[in-house]
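For reference, the structure discussed in these notes is given below.
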Amino acid sequence: MYLSRYFLPVLRETPKEAEIVSHQLMLRAGMIKQCAAGIYSWLPLGLRVLKKIEQIVREEQNRAGAVEVMMPTIQPADLWRESGRYEAYGKEMLRITDRHKRDLLFGPTAEEVITSIFRDSVKSYKDLPKNLYNIQWKFRDEIRPRFGVMRGREFLMKDAYSFDLSPEAARKSYQRMFAAYLRTFARMGLRSIPMKADTGPIGGDLSHEFIILAETGESQVFCHRDLIEGEIPPVDTDYDGDLEPIMTAWTSKYAATEDMHDPARFAAEVPSSAQVSARGIEVGHIFFFGRKYSKPMDCRVQGPDGQMATVEMGSYGVGVSRLAGAIIEANHDDNGIRWPMPVAPFEVAVINLKAGDGATDGVCAELHTKLEQAGIDVLVDDSDERAGGKFATMDLIGIPLQIVVGPKGVKSNTVEIKSRVSGEKESLTPETAINHIVAEVKRTRILA
RNA sequence: CGGAGCGUAGCGCAGUCUGGUAGCGCACGUGCUUCGGGAGCACGGGGUCGGGAGUUCAAAUCUCCCCGCUCCGACCA
C-alpha cells in the first residue's frame, strides 16, 4: 500500500476528549473517529488492527473446537421474554420498536438467540458437546462510556456458547476455552492472567476474568508473581485430551480482582516478595451458567437413557475492540504505539526520503513489490513530507519494522532497517534487507 | 442518574466578565529557499461562534429553553 492512496488522518495534537493513552494514540494515529458517545468509526488503520485481532481470536476458537456462526445484531424482544431477561435487563439494553410496533433490541449478548438456534436443531446427546461462537457488534447503553474503545457502548465481541449434557462435561468445555484464551492473548503479545470471578447464583469455581496488567487498568488486581510468566499451552495442545493440568497450573496460585480480593488469604498464600498489586484490564470472561437459559427456554436433548435432559451451558466472551486499546496500553512509548507484530496494521514501513527521485522511488517500488510478494503487509510513505515528519508519523502509528530509503544510501546501494521497539538500526543492501525483514516478520508474526 | 465542566476552522486554543459584526498556533493551498528526526519566508482558502427563542440600533458575548461532548461517582466485555 502506498501512503498517497491510503487514508491516514494523523493528528499532531492530542484531542482534548481523550483521557487515557490508548484513546489518545488511536485518535492521533487515525485509527478511529468518534461518531457519538461511545460509538466509533474504525478508519483504515484501526480496521486492519481490529481484523488481525479478530482473526487470532477466530483461529484459536477454531483450534479449540468451537464453530463460527453469525447472529443478528437486532433481536426480537420475545426471545428475551422467554428467558425472563427482557424485564430483568436494565437500561443498558437498547430497546427499539419497528414499524409494526414490535419490540426489538440491539443485542448486548446472545444467549437467547443461540439457545433458540440450538434447541430447534439439536435433539440428541450424540450431537454434544458443541460450542458455537460469533464475532459480532454488541451494544450496551452504558451510563458513562469512556476510555475510547476500551469502554464504548458499541463494541465488537467474540462470544462463544457451549452445550453439554452434564456439568462434568461442561467443565471440559470450559477448560477448552480457558486454554484457548491463554493462547489467544499470548498471540497478541499480551500476558493475560485468569482471575477468579463472581459466579453469582450458580456457584462453583467456573468463572474467570482474563486480565492484562496495565497502569491505566480499570480495576485493582492482586496475584502471585509467577502467574505473570505462566506457561502458555502450546500450539499442538490436544483439546480433546485432559486439560485439567493446565487449569490447575493457572488457578492454584492466588489471583483476584478487587471484588473477589481477600487480603488475609493473599497475605497467607503469597510470599510478600511475590505479591503483585497492579491495575488490570479485563479482556475476556468465561462463565459456566448451567441451565440458567436452557431451563426457561426449554432447551433439552434426549440422553442415552432415553430421558430428556436440559443442557448445561457456558458462555465465553472476548472484547475484540477493547483489545485494540488494551494492546496499546501495554505497548507504547513517548513517540507512539509499538505494535506487536501479530496485530500490527502494517508489518513493515518503507520510508522514501526523497519521493520523486528516480533512484529512491525505484528502490522503494522494488521493496514494496518483493515484500508484498512475500505476503508481508507493507506501507510505503511516498509523500513529499520532510524526513522528520515521516519518521514521527511511522513511530506514532507504530509499524514494527521500518526501511529508510534515502538518496545517499541508494548511491552506495544501501537502505537502513530500523526496529520500532529497540530503535536499533542497520544498513544493508536492499536485497539483504528484504531477506532480513521477511525472516524477522515470519519469526515474530506467530508468538505462541 | 447525582456532581463538575466544556461546545468558536480538521486539531489545540484566545475572545465572553465589560455587546460594536471573529482571531492565534498547528494542519491545508500556492510560490521561493530548504531537505536523514515534526524547516523558513511570503501570499492565501476555510468558521450560519452547538441549536432555537428572546433582550437590543447591534449578540460569540446578556436572558431562557433544548442538544451534544468530557471528567468524578454508582454500572460494565
Side-chain angles (χ1 to χ4, degrees), chain A residues 9-20 23-24 27-28 30 33-39 53 57 89-93 107-110 135-160 181 185 192 197-198 207-212 218-219 257-259 280-287 315-326 334-336 351-357 360 381 383-396 402-411 414-416 418 423 425 427:
Chain A
V10 297
L11 300 172
R12 197 151 161 181
E13 288 171 275
T14 301
K16 196 173 115 188
E17 73 212 47
E19 189 73 3
I20 61 169
H23 190 196
Q24 295 173 346
L27 291 169
R28 287 195 56 209
K33 175 140 176 58
Q34 180 165 313
C35 189
I39 301 176
I53 293 170
V57 171
Y89 220 100
K91 290 181 177 171
E92 284 71 35
M93 179 188 282
T109 177
I135 299 174
Q136 179 62 285
W137 291 94
K138 304 290 191 298
F139 193 93
R140 291 183 194 172
D141 196 3
E142 299 288 345
I143 297 168
R144 187 154 92 80
R146 63 185 119 173
F147 304 147
V149 299
M150 298 265 286
R151 181 80 184 280
R153 291 195 291 174
E154 189 180 52
F155 54 96
L156 189 62
M157 180 178 169
K158 185 285 297 182
D159 44 322
Y181 275 33
F185 301 125
S192 68
D198 190 0
S207 179
H208 289 90
E209 293 181 4
F210 284 73
I211 303 281
I212 64 159
E218 287 187 275
S219 55
T257 58
E258 231 163 351
D259 313 344
I281 301 170
E282 182 182 355
V283 289
H285 194 161
I286 60 178
F287 193 45
S315 76
Y316 314 90
V318 170
V320 174
S321 49
R322 164 178 283 195
L323 273 164
D334 289 347
N335 293 327
I351 299 176
N352 186 344
L353 285 184
K354 197 172 181 183
D357 176 278
T360 60
D381 186 346
S383 69
D384 57 6
E385 203 184 345
R386 300 161 59 83
K390 293 187 178 192
F391 294 138
T393 297
M394 287 306 172
D395 285 352
L396 171 65
Q402 301 173 4
I403 309 179
V404 182
V405 181
K408 290 176 201 162
V410 165
K411 269 182 197 157
T414 60
V415 297
E416 184 180 274
K418 183 192 137 186
K425 299 174 185 173
S427 282

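These numbers come from the heavy atoms of this one structure, side chains and all, not from hydrogens, waters or symmetry mates. Order of the sequence lines fixes the chain letters, A, B, ..., with proteins taken first and strands second; residue numbering starts at 1 for each chain.
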One thing to verify: whether Glu19(A) and Arg146(A) come together as a salt bridge, which I'm taking to mean a side-chain N less than 4.0 angstrom from a carboxylate O. no
How far does the C1' atom of rG20(B) sit from the matching atom of rA58(B), given to the nearest Å? 7 Å
I'd like the C1' distance from rG10(B) over to rG54(B), given in whole Å. 34 Å
Interatomic distance at P, rA14(B) relative to rG25(B), whole Å: 15 Å
Nearest-nucleotide wise, let me know which of Pro145(A) and Arg28(A) is further upstream toward the 5' end of RNA chain B. Arg28(A)
Does the protein touch nucleotides 24-37 of chain B at the base, only the backbone, or not at all? Give it as B, S and - per nucleotide, heavy atoms under 4.0 Å. -BSS------B-BB
Between Glu92(A) and Arg140(A), is there a donor-acceptor pair closer than 3.5 Å when you use the side chain of the first and the backbone of the second? no
Tell me the partner of rC71(B), counting only Watson-Crick (N1-N3 plus N6-O4 or O6-N4) or G-U wobble (N1-O2 and O6-N3) with both under 3.5 Å; none if nothing fits. rG3(B)
Partner lookup for rU63(B), please. Criteria are Watson-Crick or G-U wobble with both distances under 3.5 angstrom; report none if nothing qualifies. rA53(B)
Protein proximity profile, nucleotides 72-77 of chain B - base contact B, sugar-phosphate-only contact S, no contact -, cut-off 4.0 Å on heavy atoms: BBBBBB
Sticking with atom C1', work out how far rU16(B) lies from rC62(B), rounded to a whole angstrom. 10 Å
Touch check for Thr393(A), heavy atoms < 4.0 angstrom, all strands: base, sugar-phosphate only, or nothing? base
Distance check, rounded to the nearest 0.5 Å: Met157(A) atom CE versus Gln136(A) atom CD? 11.5 Å
Please tell me which of His23(A) and Pro15(A) maps to the more 5' nucleotide of RNA chain B, matching each residue to the nucleotide holding its nearest heavy atom. Pro15(A)
Is the shortest heavy-atom distance from the side chain of Phe185(A) to the side chain of Val318(A) under 4.5 Å? yes
Please give the nucleotide sitting opposite rU30(B) as a Watson-Crick or G-U wobble pair, both distances under 3.5 Å, or none. rA42(B)
Could you write nucleotides 41-46 of chain B as a row of B, S and -, 5' to 3', where a protein heavy atom under 4.0 Å of any base atom gives B, of only sugar-phosphate atoms gives S, and otherwise -? ------
List the residues meeting salt bridge (charged side-chain N to carboxylate O under 4.0 Å, His left out) with Lys354(A), not counting sequence neighbours, and say none if there are none. none
Strand partner of rG12(B), provided both Watson-Crick or wobble distances fall under 3.5 Å: rC24(B)
Under 4.0 angstrom between Gln34(A) side-chain N/O and rG68(B) OP1 or OP2: no
Identify the heavy atoms of Lys158(A) and Val320(A) that sit nearest to each other, and give their distance. N-CG2, 3.8 Å
Residue matched to rG19(B) through Watson-Crick or wobble contacts both under 3.5 angstrom: none
Check whether any side-chain heavy atom of Arg28(A) sits under 4.5 Å from a side-chain heavy atom of Thr14(A), and report yes or no. yes
Between rA22(B) and rA59(B), how far is it from one C1' atom to the other, in whole Å? 13 Å
Test side-chain hydrogen bond (donor to acceptor under 3.5 Å, both in side chains) on Ser207(A) and His285(A); report intermediate values, then the result. CA-CA 7 Å; Ser207(A) 179; His285(A) 194 161; 3.2 Å; yes
When rounded to the nearest Å, what value does the distance between P atoms of rC72(B) and rC28(B) take? 33 Å
Side chain proximity check, Ser383(A) to Lys390(A), heavy atoms < 4.5 angstrom: yes
Quantified in whole Å, what is the C1' atom distance between nucleotide rC1(B) and nucleotide rG45(B)? 46 Å
Could you check whether any side-chain heavy atom of Val404(A) comes within less than 4.5 Å of a side-chain heavy atom of Lys425(A), counting everything from C-beta outward? no
Contact between Tyr181(A) and Ser192(A) at the side-chain level, heavy atoms closer than 4.5 Å - yes or no? no
Under 4.0 Å between any heavy atoms, over every strand shown, what does Ala36(A) touch: base, sugar-phosphate, or nothing? Just pick one. sugar-phosphate
Heavy-atom check, side chain of Asp381(A) versus side chain of Gln402(A), under 4.5 Å: no
Enumerate all atom pairs, one protein N or O and one N or O from nucleotides 4-9 of chain B, separated by less than 3.5 Å.
residue: rC6(B); atom: O2'; partner: Lys16(A); partner atom: NZ; Å: 3.2

With P as the reference atom in both, quote the distance from rG38(B) to rG47(B) in angstrom, rounded to an integer. 33 Å
With both distances under 3.5 angstrom, what nucleotide forms a Watson-Crick or G-U wobble pair with rC76(B)? none
Non-hydrogen atoms of Glu218(A) and Arg322(A) that approach each other most closely: OE1-NH2, 3.2 Å
Answer yes or no: is there a side-chain heavy-atom contact under 4.5 Å between Leu27(A) and Glu17(A)? yes
Residues which pass ring pair (Phe, Tyr, Trp, His ring centres under 6.0 Å) with Phe391(A), listed by chain and number, not counting sequence neighbours: none
